[in-house]
Amino acid sequence: MNEFYQNDIISIKDYNKEQIEKIFVATDKIMQLNPSDRREICKGKTLGYLFYEPSTRTRLSFDAAMASIGGNSLGIADVLSSSAQKGESLADTVRIMSIYSDILILRHTLDGSSRFAAEISDKPVINAGSGTEEHPTQAIQDLFTIKKEKKKIDGLKIGIIGDLKYGRTVYSLLYGLGNYDVDVRLISPESLRIRHDSIYEIKKRLDFTESTNLEEHIDDLDVLYVTRIQKERFPDEEEYLKVKGSYVVGLDLLKQMKDDSIILHPLPRIDEISPDVDKTKNAKYFEQAEYGKHTRAALLSMILNENGF
Ligand code: CP
């Protein structure tokens, strides 16, 4: 039996290198199939989505992924239009969604929300972002993008810059990179360093350095992973204003980078990458968003088909 069958995806920590590479192989297979064969994979299956926080890419890429493999989607894109507004609990909402769907995608403001939902739901649950904790399918997409664009992950020098305190994609990416032999440089304003409560867990998995100065590392990096400063998670707007615009990756900075380095971003971007950079060969964040559809199609296909596809 396919080991992903009917399993939840709550944390990237639950997956080892061999399993992550299996997802990459399945993604390549999905990308190579002709559209009519692809549409047979999840024919008649329904994806249910439940978003307690805004999303463009994650929700739409799951929706597009499910359509590409022949399934359909239904759900709550904006919880303000659901009975949660009348006071319905997350537990009851999940129970109802799991009646109408074969698999459930949840984004929620609270850490631990997806694990809680998985205990309630009798259908598999995929964490589409839980508080500041994790966004595991983003990490799969990020690792797949690195592998595709750099032809390897082992041996790379990877800079991760921006909001390392609140950015959940950073935590999932670091846990995922822990399966590889990489040199990681964490670059952030002092107040947005990686959270103390997570450092021990990350250190168990990989070596990294911390700095506030991008210039120290810029000419040495193979991958620069840029993140948005997460304004909505600051308890005090004054604190946000102190770090707003701390780093901007523009053409001047790009000149200092290796010719074959790549720039990634989970998006949305605010002002941390200048639009001038978009047209350069180093900018791979839109490709990264496209790979997100294919990696998610592969995951859905493996979770919903007992014997793979
Ligand atoms: N990268 C990401 O999670 O984007 P959305 O918030 O638009 O889903």
Side-chain angles (χ1 to χ4, degrees), residues 9-12 23 27 47-68 73-81 103-111 113-114 117 125-146 148-149 158 160-177 192 223-234 240 249 262-273 275 277-278 283-300:
I9 300 188
I10 306 299
S11 167
I12 194 76
I23 301 168
T27 304
L47 173 148
Y49 53 82
L50 188 49
F51 278 70
Y52 285 76
E53 279 186 356
S55 168
T56 295
R57 275 144 297 274
T58 309
R59 189 177 67 77
L60 294 180
S61 63
F62 266 116
D63 203 346
M66 195 56 167
S68 76
S73 309
L74 56 82
I76 299 166
D78 174 3
V79 84
L80 293 178
S81 66
I103 188 163
L104 195 58
I105 313 300
L106 174 68
R107 171 170 290 186
H108 199 281
T109 47
L110 292 179
D111 294 9
S113 49
S114 286
V125 171
I126 299 184
N127 178 359
S130 48
T132 57
E133 180 188 46
E134 273 220 55
H135 191 349
T137 63
Q138 178 72 47
I140 291 166
Q141 145 186 10
D142 298 342
L143 294 169
F144 184 79
T145 306
I146 296 171
K148 274 288 184 217
E149 299 296 334
I158 301 176
I160 304 180
I161 184 167
D163 186 346
L164 310 185
K165 181 175 183 183
Y166 297 119
R168 59 191 167 206
T169 70
V170 170
Y171 290 85
S172 287
L173 179 59
L174 287 170
Y175 299 137
L177 284 172
L192 296 180
V223 179
L224 179 61
Y225 186 95
V226 185
T227 65
R228 171 179 72 93
I229 296 188
Q230 311 244 318
K231 180 181 180 191
E232 69 277 19
R233 302 204 191 276
F234 282 68
Y240 167 70
V249 177
I262 60 170
I263 300 171
L264 302 183
H265 192 311
L267 304 177
R269 142 181 73 179
I270 308 303
D271 53 8
E272 56 281 355
I273 301 180
V277 174
D278 297 358
K284 296 294 178 191
Y285 28 92
F286 292 113
E287 285 84 348
Q288 184 183 0
E290 186 172 354
Y291 290 135
K293 172 184 155 186
H294 301 305
T295 49
R296 289 180 173 115
L299 284 170
L300 293 170

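Basis for what follows: all heavy atoms, side chains included, without hydrogens, waters or symmetry-related copies. None of the values given here were measured: they were computed from a predicted structure. Just so you know, ligand 1 is whichever comes first in the structure, and atom 1 is the first atom listed for that ligand.
For the residue pair Asn127 / Glu134, no side-chain donor-acceptor distance below 3.5 Å is found, with atom types taken as modelled. Tyr291 and Thr27 share no side-chain donor-acceptor pair at under 3.5 Å.
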Output block, N or O contacts of ligand 1, threshold 3.5 Å exclusive:
residue  : atom  : partner : partner atom : Å
ligand 1 : 1 (N) : Gln138  : OE1          : 3.0
ligand 1 : 1 (N) : Pro266  : O            : 2.8
ligand 1 : 1 (N) : Leu267  : O            : 2.9
ligand 1 : 3 (O) : Thr58   : OG1          : 3.0
ligand 1 : 3 (O) : Arg107  : NH2          : 3.0
ligand 1 : 3 (O) : His135  : NE2          : 3.0
ligand 1 : 4 (O) : Arg57   : NE           : 3.1
ligand 1 : 4 (O) : Leu267  : O            : 3.4
ligand 1 : 6 (O) : Arg107  : NH1          : 2.9
ligand 1 : 7 (O) : Thr56   : N            : 2.8
ligand 1 : 7 (O) : Arg57   : N            : 2.9
ligand 1 : 7 (O) : Arg57   : NE           : 3.3
ligand 1 : 7 (O) : Arg57   : NH2          : 2.9
ligand 1 : 8 (O) : Ser55   : OG           : 2.6
ligand 1 : 8 (O) : Thr58   : N            : 2.9
ligand 1 : 8 (O) : Thr58   : OG1          : 2.7
ligand 1 : 8 (O) : Arg107  : NH1          : 3.4
ligand 1 : 8 (O) : Arg107  : NH2          : 3.2

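Minimum interatomic distance between Asp142 and Leu173 (heavy atoms only, all atoms of both residues): CB-CD1, 3.9 Å.
In this pair, Phe51 and Tyr49 present their aromatic rings perpendicular. The plane angle is above 60°, beyond the 30 to 60° band.
The local environment of CD in Glu272 is crowded, with over 12 non-hydrogen atoms from other residues, nucleotides or ligands closer than 6.0 Å.
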> Step by step, would you call Arg107 with His135 a side-chain hydrogen bond (donor to acceptor under 3.5 Å, both in side chains)?
Replying inline: CA-CA 9 Å; Arg107 171 170 290 186; His135 191 349; 3.2 Å; yes

